[in-house]
Amino acid sequence: MTQTIALQAATPAAGPPAHRTGLRGALSRTPGRLRVAGVVSVLAAAAVGVIGLNAGLAQSQALSDADADTTQLVGIQDVRNDLVVADATATNAFLVGGLEPPEQRARYDEAIVSASNGLARLAGSNGADADLLGQANAGLTTYTGLVEQARANNRQGFPVGAAYLDQASAVLRTDVLPHLDDLVQANTDRVDSSFDSVASVPWLLALGILALAVLVVVQVWLAKRTHRRLNAGLFWSTVLALAATIGGAVVLGSAAAKAGDARSGPYDATVSVSQAYSLANDAKSQESFTLIKRGSGATYEEQFVLKTDEASELLARPTVDPALSPLLDTWVASHQEIRALDDGGDWDGAVALAISEEPGAPNDLFAQFSTAASSSLEASAAQTHDALSGSGGSSVLVGWLMLVVGLLAAVLSWRGISTRVEEYR
Amino acid sequence: MTTTRSTRLGLGAVLASLALVAGCAGAPAAEPAGQQQAVASVALPAATVCDDANESTTSYAPAPGGATVDAIRTRGALRVGVSADTLLMGSRNPLSGQIEGFDIDMLRAVSTAIFGDPNRLQFRVITSAQRLEVLENHEVDLVARTFTINCERWETIAFSAEYLTAGQKVLVTRDSEAQSIEDLEGLGDQRVCAPEGTTTLERLEETYPGVEAVSAPTHTGCLVLFQQGKVDAITGDDTILAGFAAQDPYAKVVGEAFSAEPYGIGVAADQVDLVRFVNGVLDQAKADGTWAASYDRWLGALGTAPAPPVSVYGRVGSP
């Protein structure tokens, strides 16, 4: 069987000898060889242009992807933050007992409105995330329902309200936040791969160097064959292709460098601060639960410590505004005061401190940290956006310029070779 | 009055009440419990926490206190494990933020006896399942959290004398025709909730295979599931269910009690002096009308205050 196939295959491989002789014949004569050299140099010059256009468009695309994915990532983290803010507020308000303070109710409402708007907007801006966002949205509906039920019961003096609040927090942490965390991860991966493409695109231009080498080889061959030092058309074609490649490399390379700076600077700061902010709010909810659970809150306190430690690690990163870390530390120190009171048996005192809205009280210190973190977050997100959105246009422009120059170089190459071919007529 | 009580009490509790009169009703050959103490504590260690001479409701005779009580007095606060969400028995009043209820009143009486101040309580809110471990680890001095006295629990902790007799009942929706768990079994495909770590859940799983037992971390967790339609009924002590019915007009407690749940205050096994002290306080409350006043205030929904459960003493030495 195998042998048969081998035999069959061997037969056509012997080939029609006549055609080969014809091609060899044409190539053995100088005009034929010149024409081939012409085609090769035209293709090489044109290749520079095509590669340039591709690189320019690819980089512009990668930049706008990075920008869009960063925006999406920041948006998802915003929603996540809104939700933990809402939960921290609701649980803290519950500690007050009876009617929650109107300003806390307003803060909760604002956070929920912002989160649900955010979810709708995010689902619209990236179809790939829509599924998980939909699940998060469904979870949010359940969550708000449970919080309202907790309130209604609380208002009637029914202790079952506490159980509803408990369930609400559990729903938030099992049905909503994990979806958002998955999305944060997915978008972080997308942003990383977009940044990687922005950085790698300029290397496409290395192919342009190959094309330049081809042009040089053709000229050396031509010089030997025709005994003339320079072919004007080919020379200018090479110069143009070289200029285009260098120009392209400079423009795309600087865009890549700028994006790289954004990635290791404001983008890194944005992601770190956002995570730290989210962790701090989560810890704030845990703090309220340590008191609500009254003596059985040890696991919540462990969570508090874990989350605030992680947050302060993130804030210690060199890209992050150094003013944030001390603010977090001050708040965590005030939390220790609450713990000291509660652990010392003064639960009422601990609660009074935990819900106090006085300046310098834990709630105030937390608000100071929140405000600073939010504004730092906005600033670094805007910087990242500026760095990414500014370079895309020039990448496209340089791509098209390289195409035009490449085509011009191709025309010049063809004309240069044509004059030599004419000499054989 | 007496008739209703004995039907609710069930056999064990009836025997226990008789024990006071007859020495020990369950063991004809037994000598009066007090005289047995010295012999039994040597010959029979922990394994015999419940036997004919030691009904589960038999506690240590009252005494004015000892090292443990002194230590609490020095500390300045009585650490107590309570529920914060069992309306009527122990729950946090959302309006005042204070934990209050029948169980809490008993603890306040102990606080008054030690400090002359009912408010020297340091609350630790615990779930049903945590009741034993917080005592075993000495994290609290007393646990008063709808805590049924039984032999199994006597193996690791000690109880005060019985201070309230509850009975297990069923809570169903207002329009349900079921009068008992048997009725629910008859309906088929019914989910019944009880909290983790309770005698209620054990009995539900063992005795009623015809219903699906669903557990929640606390009894109030069951009420949430009930209101959300995730369970069809809740079973638990009438004291607890009365609190639920008070929070939900669409729920009703049905049928006769099908178990007797003698409540006691839990104490660490090695703090017998504290048990004796608490028993003295409870006896005082039962005698001077404090007990009845608390009953009327919190458990009036179950009817007018019955006679307080009779304290049974004569438990042999500490396990």
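Order of the sequence lines sets the chain letters (A, B, ...), proteins ahead of strands, with each chain counted from 1. Note that the structure is a prediction, hence the values are computed from the model and not measured.
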Q: Look at B:Gln130, B:Glu139, B:Gln228, B:Gln122 and state which one has the largest set of heavy-atom pairs under 4.5 Å with chain A.
A: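 Greatest number of close heavy-atom pairs with chain A: B:Gln228.
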(Q) Tell me which of these, B:Gln227, B:Arg79, B:His219, has more heavy-atom pairs under 4.5 Å with chain A than the rest. (A)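 Ranked by contacts with chain A, first place is B:Gln227.
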Q: Give the minimum heavy-atom separation between A:Pro362 and A:Trp331, together with the two atoms involved.
A: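 A:Pro362 and A:Trp331 have their closest heavy atoms at O-CD1, 3.4 Å.
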Q | For B:Ala242 against B:Leu302, the heavy-atom pair lying closest together | A |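 Answer, listing the atom of B:Ala242 first, then B:Leu302: CB-CD2, 4.0 Å.
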Q) Is chain A contacted by the side chain of B:Ala246, its backbone, both, or neither, given a heavy-atom distance below 4.5 Å? A)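 Backbone only.
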Q: Tell me, for B:Ala77 versus chain A, whether the close heavy atoms (under 4.5 Å) come from the side chain, the backbone, both or neither.
A: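 When you check distances to chain A, no heavy atom of B:Ala77 falls under 4.5 Å.
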Does [X] come within less than 4.0 Å of [Y], counting only side-chain N to carboxylate O?
| X | Y | value |
| --- | --- | --- |
| B:Arg75 | B:Asp141 | yes |
| B:Asp70 | B:Arg73 | yes |
| A:Glu287 | A:Lys284 | yes |
| B:Arg131 | B:Glu196 | no |

Q: State whether the side chain of B:Asn150 and the backbone N or O of B:Arg153 hold a donor-acceptor pair below 3.5 Å, judged by distance alone.
A: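 Present.
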Q: Could you tell me whether a side-chain N or O of A:Asn92 sits under 3.5 Å from a main-chain N or O of A:Ala88, the two making a donor and an acceptor?
A: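 A pair under 3.5 Å: no.
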Q: Can you check whether anything in residues 157-170 of chain A gets within less than 4.5 Å of chain B, heavy-atom wise, and list it by number?
A: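 Residues in range: A:Gly157, A:Phe158, A:Pro159, A:Val160, A:Ala163, A:Tyr164, A:Gln167.
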